[in-house]
Amino acid sequence: MRNIALRVGYDGTHFAGFQRQATDRTVQGALEEALTRLTGNSLQELRFAGAGRTDAGVHASGMVVNFRTTKGLEDETWVRALNALTPDDVAVLGAREVDEAFHSRFSATARSYRYVVLARRTPDPLRRFTSHWEPRPMPEVPAMIEAFAGLVGTSDFTAFGSTGSNERSPVCTVHRAEARLEDDMLVFEITAQSFLYHMVRRLVGTALEVAKGRLDKREFAALYRAPGSSGFVPLTAPAHGLIFMSATYPPPYAGLNGPF
């Protein structure tokens, strides 16, 4: 059996999330349907896996998946053939054969996300599914930018997890955290070794409270530096502003970190 890695992008608007479900439309379901048609392999034989499990409405520009197959095709042939079989809101961006040990989820050493906030008085219909519109004044954006950058390091993010995080350690190592203004958008980017369920959305939702002047940056930091010391309940930003950007892999899979 060959082990094939794919780099995939998708618009999560009309999906009930990434992971296959019995009745609802999912990204994994769409990809598996295309793969079974193309390869002739069963779901059990494919052993499909993804680097992340995004929620309903969440998008991806660089999700990595892998599957097993008896079919041998050139990398570009996999791309062309699968894009002919997948729906318009899913695209296979690259394909590469990897060794048997590779697993898109368990081989990853980090994952990166981006969250986009439309920060202006009026909405934008063209960005309504790919950004969260925030019309309220945000006078403390510089403080929020500083607060978000302070996430780098190893901390207890219990306050930013939600149901579904119970099986994971709340201690996460954040490698990079940046918030910046780009014209009328606030862009948040974060890379970590692991994330709790809803962690990125709750970090962004709470950081926006700092920008609005409702939460001090020291209070924001206390939520992960001294868990349980604050009575503030983190807010969860909507799903549609979130994008899974990439997964990071060590050698010999480091080439999977970018386009392939």
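For the pair V79 and T77, the minimum side-chain heavy-atom distance is 4.5 Å or more. A heavy-atom distance below 4.5 Å is found between the side chains of L256 and V98. At a threshold of 4.5 Å between non-hydrogen side-chain atoms, the residues D183 and M185 do not count as touching. Between L181 and V187, every side-chain heavy-atom pair lies at or beyond the 4.5 Å cut-off. Counting only heavy atoms from C-beta outward, the side chains of I145 and E178 never approach each other to under 4.5 Å.
C172 and M199 get closest at one heavy-atom pair: SG-SD, 4.1 Å.
Taking a 6.0 Å sphere around CZ of R25, one finds it holds more than 12 heavy atoms contributed by other residues, nucleotides or ligands. Within 6.0 Å of atom CG in D99, more than 12 heavy atoms from other residues, nucleotides or ligands are found, so the atom counts as buried in its surroundings. Counting non-hydrogen atoms of neighbouring residues, nucleotides and ligands closer than 6.0 angstrom, the CZ atom of R180 exceeds 12 such neighbours.
Under the rule for a side chain to side chain contact (heavy atoms under 4.5 Å, CB included), the partners of R68 that lie at least two apart in sequence or sit in another chain are M1, N3, R47, N66, E100. Contacts of R20 classified as salt bridge (Lys or Arg N to Asp or Glu O under 4.0 Å), with partners at least two apart in sequence or in another chain: E32. The side chain to side chain contact (heavy atoms under 4.5 Å, CB included) test applied to T130 returns H59, R127, not counting sequence neighbours. Among residues two or more places apart in sequence or in another chain, the salt bridge (Lys or Arg N to Asp or Glu O under 4.0 Å) test is passed with R120 by D184. D24 is linked by a salt bridge (Lys or Arg N to Asp or Glu O under 4.0 Å) to nothing, counting only residues two or more places apart in sequence or in another chain.
Sorted by first and then second residue, the salt bridge (charged side-chain N to carboxylate O under 4.0 Å, His left out) pairs involving residues 245-260 (not counting sequence neighbours) form an empty list. Applying the salt bridge (charged side-chain N to carboxylate O under 4.0 Å, His left out) definition to pairs two or more places apart or across chains, those involving residues 202-214 are E134-K212, E209-K212, E209-R214. Every pair passing ring-ring contact (aromatic ring centres under 6.0 Å, His included) that includes a residue from residues 69-101 is listed here, sequence neighbours excluded: F67-W78. Pairs engaging residues 79-122 under the ring-ring contact (aromatic ring centres under 6.0 Å, His included) rule: F102-Y249, F102-Y253, H103-F106, Y113-F195, Y113-F244 [sequence neighbours left out]. Among residue pairs with one or both ends in residues 7-56, none qualify as ring-ring contact (aromatic ring centres under 6.0 Å, His included); sequence neighbours excluded.
Both F220 and L196 are assigned to one and the same hydrophobic cluster, defined by single-linkage of ILVMFWY side chains at heavy-atom distances under 4.5 Å. Both V92 and L73 are assigned to one and the same hydrophobic cluster, defined by single-linkage of ILVMFWY side chains at heavy-atom distances under 4.5 Å. Both L203 and M138 are members of a single hydrophobic cluster when ILVMFWY side chains are connected at heavy-atom separations under 4.5 Å. Residues M245 and V116 fall into different hydrophobic clusters, defined by Ile, Leu, Val, Met, Phe, Trp and Tyr side chains chained together at heavy-atom separations under 4.5 Å.
In this structure, the side chain of S107 does not engage the main chain of S104 through any donor-acceptor pair within 3.5 Å. In this structure a side-chain-to-backbone donor-acceptor pair under 3.5 Å is present from R111 to R105. Judged by distance alone, the side chain of T206 and the main-chain N or O of L235 form a donor-acceptor pair under 3.5 Å. In this structure, H132 contributes its side chain and V117 its backbone to no donor-acceptor pair below 3.5 Å. Formation of a donor-acceptor pair under 3.5 Å by the R176 side chain with backbone atoms of T191 is not found in this model.
With respect to the salt-bridge test (charged N to carboxylate O, under 4.0 angstrom), the residues D75 and R80 do not qualify.
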Sequence neighbours left out, cut at 3.5 Å: what donor-acceptor pairs do the side chains of residues 146-156 make with other protein atoms?
| residue | atom | partner | partner atom | Å |
| --- | --- | --- | --- | --- |
| E146 | OE1 | K217 | NZ | 2.9 |
| E146 | OE2 | K217 | NZ | 3.1 |
| T154 | OG1 | T173 | OG1 | 2.8 |
| D156 | OD1 | T158 | N | 2.9 |
| D156 | OD1 | T158 | OG1 | 2.5 |

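By the 4.5 Å side-chain criterion applied to Ile, Leu, Val, Met, Phe, Trp and Tyr, F129 is assigned to no cluster and stands alone.
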### Task
Go through the steps to decide whether N41 and T36 satisfy the test side chain to side chain donor-acceptor pair (under 3.5 Å), and finish with yes or no.
CA-CA 5 Å; N41 295 118; T36 54; over 6 Å; no
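Between D89 and T13, the side chains place no donor N or O within less than 3.5 Å of an acceptor N or O (distance only, hydrogens not considered).
Expressed to the nearest 0.5 Å, how far OG1 of T69 lies from CD of E45 amounts to 8.5 Å.
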